[in-house]
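Written below as structure tokens is the structure these notes are about.
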Amino acid sequence: MQDTAQPLDVAGNLAMIEAAAGRSREQGAELLLTPELFPVGYAPAQIRAELSAEQVAQTRAETAAIAQRSGIAMVVSLPGVGGPEERGITAVLFSPDGEVLGEHQKVQLFGPEEKESFRPGSEAPAVIRLGGLNLGMVICYDIEFPEMARAAAAAGVEVLLVPTALAEEPRVPQLLVPARALENQMTVAYANHCGLEDGLSFDGLSVVAGPRGEILGELGAEPGLLLAEVGPRPASGEAGPWYLEDRRTELHRQWI
Ligand SMILES: NC(=O)CCCCC(N)=O
């Protein structure tokens, strides 16, 4: 899902997610990936100042109810649990029954506003089994560090789901996302905001890159739904490359 959220307009933003979930389900989708902090809008300082732990908990419960009503799995990025001084930016994977199957707290916070408004995570991306695939999540700036996607791939992730909020940096979806997919032989799906929010002009350019770096689908600058069929990590085969198998990790660890 790619769209423009309204900062702090939780009801309006959740209505957009529910509409996208219904349309996706009608088109046969089994999972809906939404952009970073979409239910509350990407406005870190406003979130810190205005959203209490109770309001965030209520938003999370309403998001779970949308997954259940729509009968589709969803990745939704929300402020974490706790007060403004202790919570991070999270991505939550909800099952089609609205159960929480797993979550990730953004490890690489971006810039002073995020760092003043949220706490960073310190856990590697988890592997969550759904639909016969090993799914994982990182958030926005996380994907710009090769170590994050590599940690997911090394744990067994086959499809990495990335809620994002990227403004004026098209090289991330155009160059880095396909590179992360190719170098880790896994699918990477990247869902961005588009349009103007809190004074930022978001790029859109949401993209799904396959395990050979191929583009399985992409959007432009406008709102839209990108439907892509994803699958398991391909066998390297006779010709290779064998990026994950051939890693000389014992050496790399000494150098980096
Ligand atoms: N929300 C974010 O993490 C924004 C990341 C933007 C990184 C970039 N290269 O502009």
Side-chain angles (χ1 to χ4, degrees), residues 1-10 13 16-17 33-51 56 59 63 75-80 84 87-93 103-125 136-152 160-181 183 188-209 218-221 223 226:
M1 169 189 176
Q2 176 175 296
D3 217 321
T4 307
Q6 299 303 323
L8 304 184
D9 177 10
V10 172
N13 297 332
M16 294 163 76
I17 289 178
L33 171 62
T34 63
E36 183 179 14
L37 290 172
F38 198 87
V40 296
Y42 184 80
Q46 290 189 54
I47 293 166
R48 178 184 180 195
E50 309 281 335
L51 282 184
V56 170
T59 303
T63 304
V75 171
V76 179
S77 170
L78 292 156
R87 65 196 177 199
I89 299 176
T90 70
V92 183
L93 175 56
E103 58 188 286
H104 171 73
Q105 182 173 342
K106 188 175 185 179
V107 169
Q108 305 283 173
L109 293 175
F110 179 78
E113 187 178 345
E114 275 195 18
K115 290 175 181 172
E116 286 158 16
S117 306
F118 295 104
R119 303 278 61 75
S122 54
E123 301 291 323
M137 296 178 286
V138 296
I139 301 170
C140 198
Y141 199 36
D142 281 341
I143 198 65
E144 299 181 37
F145 296 80
E147 297 86 348
M148 294 298 298
R150 180 51 54 87
L160 189 60
L161 303 161
V162 189
T164 194
L166 182 80
E168 295 164 34
E169 186 46 273
R171 286 171 300 184
V172 175
Q174 290 168 346
L175 293 177
L176 287 186
V177 170
R180 295 290 177 264
E183 68 192 355
V188 181
Y190 188 80
N192 195 17
H193 295 248
C194 60
L196 269 175
E197 275 179 54
D198 196 40
L200 286 174
S201 173
F202 287 100
D203 296 337
L205 301 178
S206 297
V207 62
V208 181
E218 57 187 340
L219 294 177
L226 170 53

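Counting convention: from 1, in listed order, for ligands and their atoms alike. Quick caveat, the model's predicted, so the values are computed rather than measured.
Of all atoms in ligand 1, numbered sequentially from 1 with element shown, those under 4.0 Å from a heavy atom of Cys140 are 1 (N), 2 (C), 3 (O), 4 (C), 5 (C). Every atom of ligand 1 is numbered from 1 in the order shown, and the set under 4.0 Å from a heavy atom of Tyr42 is 1 (N). The ligand atoms of ligand 1 that sit less than 4.0 angstrom from a heavy atom of Ala165 are 1 (N), 2 (C), 4 (C). When each atom of ligand 1 is checked for a heavy atom of Tyr141 under 4.0 Å away, the hits are 3 (O), 7 (C).
Checking side-chain atoms of Ser77 against main-chain N and O of Thr90 turns up a donor-acceptor pair under 3.5 Å. In this structure, the side chain of Gln108 does not engage the main chain of Tyr141 through any donor-acceptor pair within 3.5 Å. Between the Asn13 side chain and the Ala5 main chain, no donor and acceptor come within less than 3.5 Å of each other. For the pair Arg180 (side chain) and Ile143 (backbone), a donor-acceptor distance under 3.5 Å is present. Put simply, the side chain of Gln105 gets close to the backbone of Arg119: a donor and an acceptor are under 3.5 Å apart.
Close N/O approach between Glu169 and ligand 1 is not found [any backbone or side-chain N/O within under 3.5 Å].
One side chain, Tyr42 or Glu114, offers a donor N or O that lies under 3.5 Å from an acceptor on the other.
Looking at Glu114, Glu144, Glu113 and measuring to atom 1 (N) of ligand 1, the nearest heavy atom belongs to Glu114.
Partners of His193 according to the ring-ring contact (aromatic ring centres under 6.0 Å, His included) rule, which considers only residues two or more places apart in sequence or in another chain, are Phe38, Phe202.
With a heavy-atom cut-off of 4.0 Å, Glu168 does not touch ligand 1 at all. Heavy atoms of Leu166 found under 4.0 angstrom from ligand 1 belong exclusively to the side chain.
Distances shorter than 4.0 angstrom occur between a heavy atom of Lys106 and an atom of ligand 1.
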